[in-house]
Each structure stands twice: as C-alpha cells, then as structure tokens.
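Just so you know, residue 1 is the first one in the sequence shown, and it goes up from there.
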Amino acid sequence: MDKDIKKSISATDKDAQYDEKAKNLLGHKIILAHILVKTIDEFKGMNPKDVVQYIEGEPYISTVPVDAGSTNVEKEQDGEKVIGLNTENSELNEGLVRFDIIFYVRMKDGLSQVIVNIEAQKAEPSAYDIINRAVFYVSRMISSQKGREFVNSNYNDIKRVYSIWICMNMSQNCMNYIHFTQESVVGTYQWKGDIDLANIVLIGLAENLPEKEERYELHRLLGALLSAKLNVDEKFDIIGNEFDIPLESDIRKDVNDMCNLSQGIKEQAYVEGTENGIAIGKQEGIAETIIKMSRKGYEAEQISDILDMTAEEVREIIENE
C-alpha cells in the first residue's frame with residue numbers, strides 16, 4: 001500500500017479513536033451530572049453526585065441514528081409490540097449519522113422525564129452553521145417521540161429535549177442558551193403550550209484552561225477532560241482534587257487512552273510535516289508544512305496546537321495558498 005495512504009489511514013484511525021474515547025469519557029454518569037447541573041434549571045445548585053441517580057439506565061453512545069425513520073425500532077417485549085430507541089440494528093443502519101450521546105433524565109418530581117443529547121466537536125464546524133445542525137437534532141428528538149413517547153394527537157405528552165454541543169478550540173470560553181419565546185404582537189393573549197420543549201446549549205472551550213472561577217467550573221472540567229495539552233497527572237489532579245470525581249478504573253483508562261491518542265496524533269502530524277526535508281523549526285518551511293498537513297485533513301486548530309501558532313495565522317496561510 002502507498003505510504004501516504006497508510007499514513008492517512010493511520011491518522012484518520014487515531015482521530016476516530018480519539019472521537020470515540022471523548023464520547024466515552026463524556027458519557028460517564030458523573031460527568032453527565034456535572035453538565036446537567038450547569039445546563040438544566042431543575043438541577044442547578046445541586047451536588048452532581050446527587051444528580052447521577054436521575055440519569056436513567058446507561059447513556060446510548062454512538063448507537064442511536066439521527067436520520068428520519070431510523071431513530072426508533074419496533075420491538076417485542078412481554079408478548080407486546082413496543083417502540084423504543086433503535087440500538088439493535090447497527091449493521092442495517094451502517095453509515096447513518098448517530099447521536100454522540102443520548103439519554104433519559106428523570107426530573108426531581110419523580111414523574112416527568114427529559115431527553116438529553118450531548119455532541120462533541122473538535123472545533124466550530126466551517127462547512128455549516130452549528131446552530132442549524134442543533135435545530136435539526138432537537139427537531140428529530142421531538143418528532144421521533146411520536147409512537148414512542150406519545151400516540152395519535154396526545155401532543156401534551158411530548159418530552160422536553162436538550163441538545164448540548166461542546167466545541168473545543170474556540171477563541172473564548174462561552175455558553176449560549178437557545179430556546180423558544182412567546183411574544184405578543186397584537187393583543188395580550190397568551191397561547192397555551194410548553195414553549196420550553198426544545199432547548200439548545202452551546203458550550204465553547206478555549207484552548208487554554210480558564211482560571212478557577214465559579215462561572216467557568218464546567219469549562220474547566222470539560223477542558224481538562226478533553227485537553228490535548230495536559231498530561232495524565234495534570235488531568236487527574238483537576239478531575240479528582242478540584243471536582244472530587246472518583247477516579248475509578250474505567251475513567252482512568254479513558255483519560256489515559258485519550259492522552260496517548262493525542263500524543264500519537266501530534267507525532268503523526270510532526271512526521272508528515274518534517275519528511276522530505278521540510279523543517280518545522282525553519283521559517284521558510286512553516287507555510288509548506290501547514291499546507292501539507294491541511295491536505296492530510298488536519299484542522300487548523302490541530303495544526304496551530306502542534307506548531308505553537310494561532311488558529312487564525314494557520315487559516316490565513318491555508319487561504320492564501
């Protein structure tokens with residue numbers, strides 16, 4: 001096999017493994033609980049350890065299709081046909097876009113439920129506007145409930161949904177909440193209904209960890225978990241000591257694996273950038289290195305991290321190729 005093809009496959013495989021490990025790490029219930037405490041009003045101010053009990057069952061990670069007609073599946077349970085989330089026909093639905101993480105959360109009243117989706121992005125997408133995709137996801141989360149959560153015209157049984165997007169390598173730490181509002185244009189009549197059914201939360205993580213401040217607590221935790229710059233011990237120190245998260249063996253393994261994969265991706269990029277006599281340390285070779293890495297599929301944020309440049313500088317070189 002051609003060596004360039006081999007390297008491309010290797011790099012892609014590492015990226016895919018990194019993505020999968022990131023989802024697995026975020027999918028730990030204690031991590032999800034920290035996210036819920038900062039994003040859903042009913043849980044704000046609670047200890048995340050007390051919120052874990054409200055997460056029902058095990059979160060579905062990269063198993064439930066987003067595509068219309070594929071989210072649900074009809075099953076037989078106790079001799080009766082029921083409709084549930086489609087997690088059993090992965091072979092039949094090969095190639096479909098899937099929710100990164102999706103799970104049910106029981107509210108503190110013990111009766112109502114919400115459905116939460118978590119999506120992880122290495123950077124804000126350039127091929128489309130992320131809000132548009134998030135709107136599509138919450139729309140699918142609502143429309144797919146027909147036949148599963150409610151039947152016929154029982155629209156009052158629709159469950160509230162949250163789609164929470166975590167974007168890394170942003171220019172700043174930020175969080176935005178997008179939801180419906182009802183405004184009176186003529187008259188003062190208020191129409192009945194739950195305008196809080198669809199909720200989108202966008203969380204931006206800057207490349208460097210924020211200082212220890214209350215408003216940045218979630219950003220600091222997620223930044224530590226997903227950082228490609230911190231080593232394992234630094235991650236464990238923040239996760240265990242600052243956030244009092246038990247470092248159980250499965251969390252330790254996922255953090256270790258992610259650190260190893262991050263290092264592997266960096267080393268692969270360095271090799272590709274320095275072969276054929278291109279020296280990263282020499283000014284005249286930097287532009288050629290950036291272009292070569294870009295053609296190999298590396299994002300501007302990854303290249304900037306490896307070459308210790310800003311993402312804007314990298315993008316300018318790529319655009320001016």
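By the side-chain hydrogen bond (donor to acceptor under 3.5 Å, both in side chains) test, N72 is found to be paired with R148, residues two or more places apart in sequence or in another chain being considered. Residues passing the side-chain hydrogen bond (donor to acceptor under 3.5 Å, both in side chains) test with Y189: none are found, sequence neighbours excluded. Applying the salt bridge (charged side-chain N to carboxylate O under 4.0 Å, His left out) test to E149 and every residue at least two apart in sequence or in another chain returns K159. S62 is linked by a side chain to side chain contact (heavy atoms under 4.5 Å, CB included) to E20, K23, counting only residues two or more places apart in sequence or in another chain. Among residues two or more places apart in sequence or in another chain, the salt bridge (charged side-chain N to carboxylate O under 4.0 Å, His left out) test is passed with E56 by R106. Taking N154 as the reference, nothing meets the side-chain hydrogen bond (donor to acceptor under 3.5 Å, both in side chains) condition, with sequence neighbours excluded. Under the rule for a side chain to side chain contact (heavy atoms under 4.5 Å, CB included), the partners of D244 that lie at least two apart in sequence or sit in another chain are K49. Annotation: salt bridge (charged side-chain N to carboxylate O under 4.0 Å, His left out) contacts of E299 (sequence neighbours excluded): none. Shown here are the side chain to side chain contact (heavy atoms under 4.5 Å, CB included) partners of N199, two or more places apart in sequence or in another chain: R160, Y162, Y177, H179. Remark: K44 engages D41 in a side chain to side chain contact (heavy atoms under 4.5 Å, CB included) (not counting sequence neighbours). A search for salt bridge (charged side-chain N to carboxylate O under 4.0 Å, His left out) contacts involving R140 returns nothing, not counting sequence neighbours.
Each salt bridge (charged side-chain N to carboxylate O under 4.0 Å, His left out) pair with one or both residues in residues 180-195, not counting sequence neighbours, would appear here, but there are none.
A salt bridge is absent between K122 and E301; no separation between the charged side-chain nitrogens and carboxylate oxygens falls under 4.0 Å.
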